[in-house]
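Structure first, commentary second.
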Amino acid sequence: MTATMGTPQDTGAVVRGTVPAAGGGRPARSRRSRPLITYGRWWWALPAVLAVLLIHYVATAGGAFYAFTDWTGIGDFDFVGLDNFRRIVEDPALIGSLENTLFLAFGFLIATNVVGLLLALALNRTLRTRYLLRVLFFMPVVLSPLAVSYIWKFIFDFKGPLNGVLGWFGMAPKTWLADPTLALWAVLVVMAWQTTGMVMVIYLAGLATVPAEIEEAAALDGASTWRRFQHITLPSIRPSVAIASTLMLIQGLRVFDQVMALTGGGPAGATETLATQVYKETFALSNFGFGAALALLLTLIMLVFSVLQQAATKDRS
Amino acid sequence: MTQQRHRGLRRIGVLVAVPAVSALTLAACGGGDDDSGSGGSGGSADSFSFAFENASGGQENPWQLLADQYSEETGVQIETQGLPPDSYGLSMRTQLQGGSAPDVMMFSPGAGNANAVLPLAEGGYIEELGEESAALIPEGNESLFEIDGKVYAQPTDIIPVGVVWNSGAASDAGVEVPADESAMLDDCGTLAGDGKSFLAVAGSAPPNMGLMAMAISATRVYAETPDWNEQRSAGDVSFADSEGWQATLQTIVDMNEAGCFQQGAAGGGFDAITQGLTQGTSLGAFVPGAAATELAKATPGLELQVQPFPPADGGEPFLLASPNYALSINASADEGAKEAAREFLAWMAEPENAARFTELQGGVAITGPDENLSPVYEPVADLLSDGDYAPLPNLAWPNPGVYDALSTGVQGLLAGQGDVQSVLESIDQAWDQ
């Protein structure tokens, strides 16, 4: 770190306006011609810092406060201690929502990363149509999750195209979104289908940093495709793995749009997640205190898993 | 030197102006009408604001049309807010707490819905109404509009809930309205063999499942025990131990097994109902009577009627019918706006205006069936005249969670999850929350 200080790449002193003139103690540039950034003192950021603190952290802390009350969204409330959390633990439906959340989060994490990486590897260099294919695979990412979910809802409909295709093969139609054993998988498919393109782009960016010469040298030395991937490609794209997996885990844990649009949490709670339960309890059933407790729990789960995931993908070299 | 000073001043000016403009912008965005009194939305004796549910978002909404008519007749300006039904209750709660709620608001009577009026009245957000409003409350419905003898909402019309029946399609299929459950299950088998269904249901929409269960409970629970909800509130009965509720949910299971519902019913949406009814592939559906009027208007040649759900074998027909919508006044509104709001409510209660609203909404006059009764309700006219009906049960339930537990529970029964007893136990649990 210290070795780089004062090198031509170190622009900090220039930005700070403290570079001395050669052979003299006077500043190289006069006070009059200093760039505006010279005035960039810490207190310039104060309004933004205050706004973030007030709007984000204080508001979140305020929401957490209600997790220990029985507020119904209107009128007075009483402190109920940990009752809301006790109720969460004792309610099988909410435990089911937690399980669904974890299933979707980790299923989403694995599906998007595995498929996204395979797509990135396939479309990295040699294929002539790779630019067109990249666009096609990335396109779902720019669409609204709700719009995508409603299209898939039509596909999964009992009289929809998917059952039509099954019918060609003489198979019985299925109620994809109303079958408790299939509905959660259907939600996972829609989530992964829409987001895999994003993961592919992250991995493509990572793969661009892998020197082709090293791979070629390894290939000349007789290393198999798998060994080249294992020992050259994967270590080189470790930062991409960390970013993609963290983003997908968080996105999976807070899944909401797709569930609401496809199943509304049904049938009978089979696809409810913590996020949909937060919405339902807070805004549909007016249990603001209980909804805040669920939201707090979801936040803590996301925090814990994010930290664990960061630790797991940390570059130890 | 002068240039330097100017530059310095300009920099200081920039430094001061940016936060100042930001502060002004924020103040402008957040600026309320400070002179609007104690949190009301302003207004005077010749103007007020009015919020209501508007599912389609169009101008043909009955509330909008009546408000326009009132403005035309009296010259009073009404600022209307037609909001989507699914977020309406939350919007009103938020606005009432923030002091920015409209002067007149549409609510659901009782406490069982997200847009229910009584919890808001208990919180002191709703103005007490007078004798004129109290006189409109149908007998037996007082607890849905009153707290300690004080009236907080004015009913508008009665909406019957039974089975909306496609008479034309039934006639084509050679099926008559079954007299009891056994006859209905027989018809279900016959129709299923012909590729049709006795009923179209929206299995993916829990509220439709809840409405089905309530419509069936009319004959299984409320015909024999009209005060069942009061008994439940007193802790004398429970859903889990109620033979009537057990029979209600068992009927749904039996209907499912007998093929009474359309194929893929568990995953069906409201489009399955409209398509089934209008195309004649299903003979009936559980939708409010007002929706039958709307569907009939929108589909020329479609013959829809409201029928009571077939009773259990040996039972008598019985119906659900109640004022499902009511008008209330914001307690924090300005005195001028309150006065204008009271006059509007009095105008709405006048027979010719009430009749106009009833016609537009497709309901039944709040005073009971009269010469203006829509032909859609002809099969249930006698039940309505004889008082053989109970209010929609969930209006009197203590919180929205009870109806949610019933709705999702029935959805599960249709999808093969859970059993009758566990669903009833979950409803009891929601009641006691």
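Letters go in sequence order (proteins before strands), and every chain restarts at 1. This one's a predicted model, so the numbers in the text were calculated from it and none came from an experiment.
Between chain A and the residues B:D404, B:N113, B:L96, the largest count of heavy-atom pairs under 4.5 Å involves B:D404. Ranked by non-hydrogen atom pairs under 4.5 Å with chain B, the options A:A93, A:A178, A:A284 are led by A:A178. Contact count against chain B (heavy-atom pairs under 4.5 Å) is highest for A:L285 among A:L285, A:N163, A:T72. Heavy-atom pairs under 4.5 Å with chain B were tallied for A:G265, A:P180, A:G266; the largest tally goes to A:P180. Contact count against chain A (heavy-atom pairs under 4.5 Å) is highest for B:P400 among B:P400, B:G416, B:G412.
Looking at every heavy atom in both residues, A:A268 comes nearest to B:Q417 through CB-OE1, 3.4 Å. Of all heavy-atom pairs between A:F158 and B:Q263, the closest is CE2-CB, 3.5 Å. Closest approach of B:A285 to B:L277, counting heavy atoms only: CB-CD1, 3.8 Å.
Aromatic pair A:F77/A:F288: ring centres not closer than 6.0 Å.
The part of A:K280 that comes within reach of chain B is its side chain, from C-beta onward, which places non-hydrogen atoms under 4.5 angstrom from that chain. Neither the backbone nor the side chain of B:N399 comes within contact range of chain A; no heavy atom of the residue lies under 4.5 Å from a heavy atom of that chain. Only the side chain of B:Y125 comes within contact range of chain A, with heavy atoms under 4.5 Å apart. With a threshold of 4.5 angstrom between heavy atoms, A:I74 approaches chain B through its backbone and through its side chain.
More than 12 heavy-atom neighbours from other residues, nucleotides or ligands sit within 6.0 angstrom of CH2 on A:W193. Atom CZ of A:F65 is surrounded by more than 12 heavy atoms from other residues, nucleotides or ligands within 6.0 Å.
The closest donor-acceptor contact from the side chain of B:D428 to the backbone of B:F239 lies under 3.5 Å.
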